[in-house]
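As structure tokens, the structure follows; a few thoughts come after it.
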Protein chains: 2
Amino acid sequence: MTRERPGNPVALDPATRAVLADFSCRASEDAGTLQDCPVRNVLDRVGDKWSLLILITLSQRPFRFAALQREVGDISKRMLTQSLRMLERDGLVARQVFPTKPPAVEYSLTALGESALTPVAALVSWAAGAHDQIRDARHLFDAATP
Amino acid sequence: MTRERPGNPVALDPATRAVLADFSCRASEDAGTLQDCPVRNVLDRVGDKWSLLILITLSQRPFRFAALQREVGDISKRMLTQSLRMLERDGLVARQVFPTKPPAVEYSLTALGESALTPVAALVSWAAGAHDQIRDARHLFDAATP
DNA sequence: TCCTGCGGTCTACATCCGAGACTATATTCC
DNA sequence: GGAATATAGTCTCGGATGTAGACCGCAGGA
């Protein structure tokens, strides 16, 4: 029984594969470098569950805090605040305070934030297309494991 | 100062924007539909922190359990097991058991899993490019908030 | 006057996650 | 022969993390 075979036959764009192969911030070298890994750093933000949703919502237009919470739907104020701070820190979202009587705060995407929309849209697009297959796979899996 | 303005002037591919606009599974309608939202369902998997890393690792070649853990580097057995189960359930990863004396288990990407690599690679590519700006933004932000 | 909306913060409670111990079998080393 | 190691996980415990909801000060509307 051979182990770690070359893999199943697939046709994947070599350039795409190369991009992924380049991402070598794994167990290589010492653990310290894991923290500095560019992809990991950024992917941690994406893997925030809420960050992605916020980015997508803000892609339509700027929102004020309460409106943003209503639009996303099921996010707590706490997590909305926290996620927005992180996105602001990373320069993806801009926070602008208007000195009206009850101060109004508007959140919008920066140019960098906008640039993230392209790959995010690719992901969303794939998700929409794959959803049926995933749903079927889940039912199959759940039926097989009582 | 007008509120909820049309947005800052940006040049984003209209098709890209349309994809995101289409994703309207937010607070619209009742909360029940949130659970069935295709994008949310799939994005939850992406937002798993480890799922994405596992997918990227498996894009190189199939791995056995322990080898996969070593390759990813800082994932616990617990989360590796859990994430792999979810990915298997969603039909992105295939689990094959070889009945050797200590059973060998090999994990590999399915066709569906391979198809996810294209948008994931786009994301990784963007992350690599944006990393410098993000790092600078973080330093700026941290310096401004003592 | 009371109530609502604004942008948050704070506090309890619940859930999740990581580290490490533990299983059982087979091979390797001394 | 006996100890050590590797295999693929499972289990448990303590700490981190997330959620729901109360609360705050201020302003406008009924």
Side-chain angles (χ1 to χ4, degrees), chain A residues 1-5 26-27 31 34-35 40 43-54 57-58 62-89 93-108 141 145, chain B residues 1-4 26-27 31 34-35 40 43-54 57-58 62-89 93-108 145:
Chain A
M1 183 57 62
T2 65
R3 300 171 168 186
E4 253 106 60
R5 303 156 302 148
R26 285 180 290 266
L34 280 177
Q35 310 312 321
R40 257 169 127 107
L43 253 46
D44 269 6
R45 195 94 353 270
V46 169
D48 223 11
K49 179 180 182 183
W50 297 120
S51 296
L52 215 44
L53 247 26
I54 291 172
T57 303
L58 287 181
F63 276 89
R64 290 177 55 185
F65 187 87
L68 189 51
Q69 189 185 13
R70 277 191 300 268
E71 185 73 7
V72 172
D74 55 348
I75 184 174
S76 64
K77 291 180 171 205
R78 184 168 132 73
M79 287 316 292
L80 182 55
T81 303
Q82 201 169 96
S83 302
L84 282 172
R85 286 286 176 282
M86 285 295 103
L87 289 171
E88 190 194 353
R89 186 169 103 102
V93 160
R95 178 176 185 270
Q96 191 178 7
V97 182
F98 298 97
T100 53
K101 292 319 155 352
V105 180
E106 190 179 83
Y107 293 93
S108 56
F141 186 91
T145 52
Chain B
M1 184 54 66
T2 64
R3 301 173 169 185
E4 254 103 61
R26 285 180 291 267
L34 279 177
Q35 311 311 323
R40 256 167 125 111
L43 252 46
D44 268 6
R45 196 94 355 269
V46 169
D48 224 11
K49 179 180 183 182
W50 297 119
S51 296
L52 215 44
L53 247 25
I54 292 173
T57 303
L58 288 181
F63 275 90
R64 290 177 55 185
F65 188 86
L68 189 50
Q69 188 185 14
R70 277 190 299 268
E71 186 72 9
V72 172
D74 56 348
I75 184 173
S76 63
K77 291 178 173 211
R78 188 188 194 288
M79 288 317 292
L80 182 55
T81 302
Q82 201 170 95
S83 302
L84 283 171
R85 286 286 175 283
M86 286 294 104
L87 289 171
E88 189 193 354
R89 185 169 104 103
V93 159
R95 178 176 184 272
Q96 192 179 5
V97 182
F98 299 97
T100 51
K101 287 318 156 337
V105 180
E106 189 178 83
Y107 293 93
S108 56
T145 52

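As rounded to whole Å, 16 Å separates atom P of D:dG9 from atom CZ of B:Phe63. Whole-Å rounding puts the B:Leu68 CG to D:dT7 P distance at 12 Å. The CG-P distance, from A:Leu80 to D:dA20, rounds to 13 Å in whole Å. One interatomic measurement links the two molecules: CD1 of A:Ile75 to P of C:dG7, which rounds to 14 Å at whole-angstrom precision. If you take CZ of B:Phe98 and C1' of C:dA26, they are 18 Å apart, rounded to a whole angstrom. Atom pair B:Lys49:NZ and D:dG18:P shows a separation of 11 Å (rounding to whole Å applied). Remark: C1' of D:dG9 and CD of B:Gln69 are 11 Å apart, rounded to the nearest angstrom.
Note on B:Arg70: a side-chain N or O is less than 4.0 Å away from OP1 or OP2 of D:dT7.
Considering only heavy atoms from C-beta on, B:Trp50 comes within 4.5 Å of B:Asp74 through its side chain. No side-chain heavy atom of A:Leu68 sits under 4.5 Å from any side-chain heavy atom of A:Ile75. For the pair A:Ile54 and A:Tyr107, the minimum side-chain heavy-atom distance is 4.5 Å or more. Between B:Gln96 and B:Val105 the shortest side-chain heavy-atom distance does not fall below 4.5 Å. A:Arg45 has its side chain out of reach of A:Leu52: every pair of non-hydrogen atoms, C-beta onward, lies at least 4.5 Å apart. The side-chain heavy atoms of B:Arg95 and B:Leu84, taken from C-beta on, include no pair separated by under 4.5 Å.
End-to-end axis angle of the helix from C:dT1-D:dA30 to C:dC30-D:dG1, from C1' rotation axes over five pairs per end: 10° (rounded to 10 degrees).
Atom CE of A:Met86 and atom CG of A:Asp48 lie 8.5 Å apart (nearest 0.5 Å). For the atom pair OG of B:Ser51 and CD of B:Gln82, the computed distance is 9.5 Å after rounding to the nearest 0.5 Å. Distance check, rounded to the nearest 0.5 Å: CZ of B:Phe63 to OG1 of B:Thr57 gives 6.5 Å.
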Per-nucleotide protein contact along nucleotides 8-17 of chain C, 5' to 3', at a 4.0 Å heavy-atom cut-off (B base, S sugar-phosphate only, - neither), is BB-B-----B
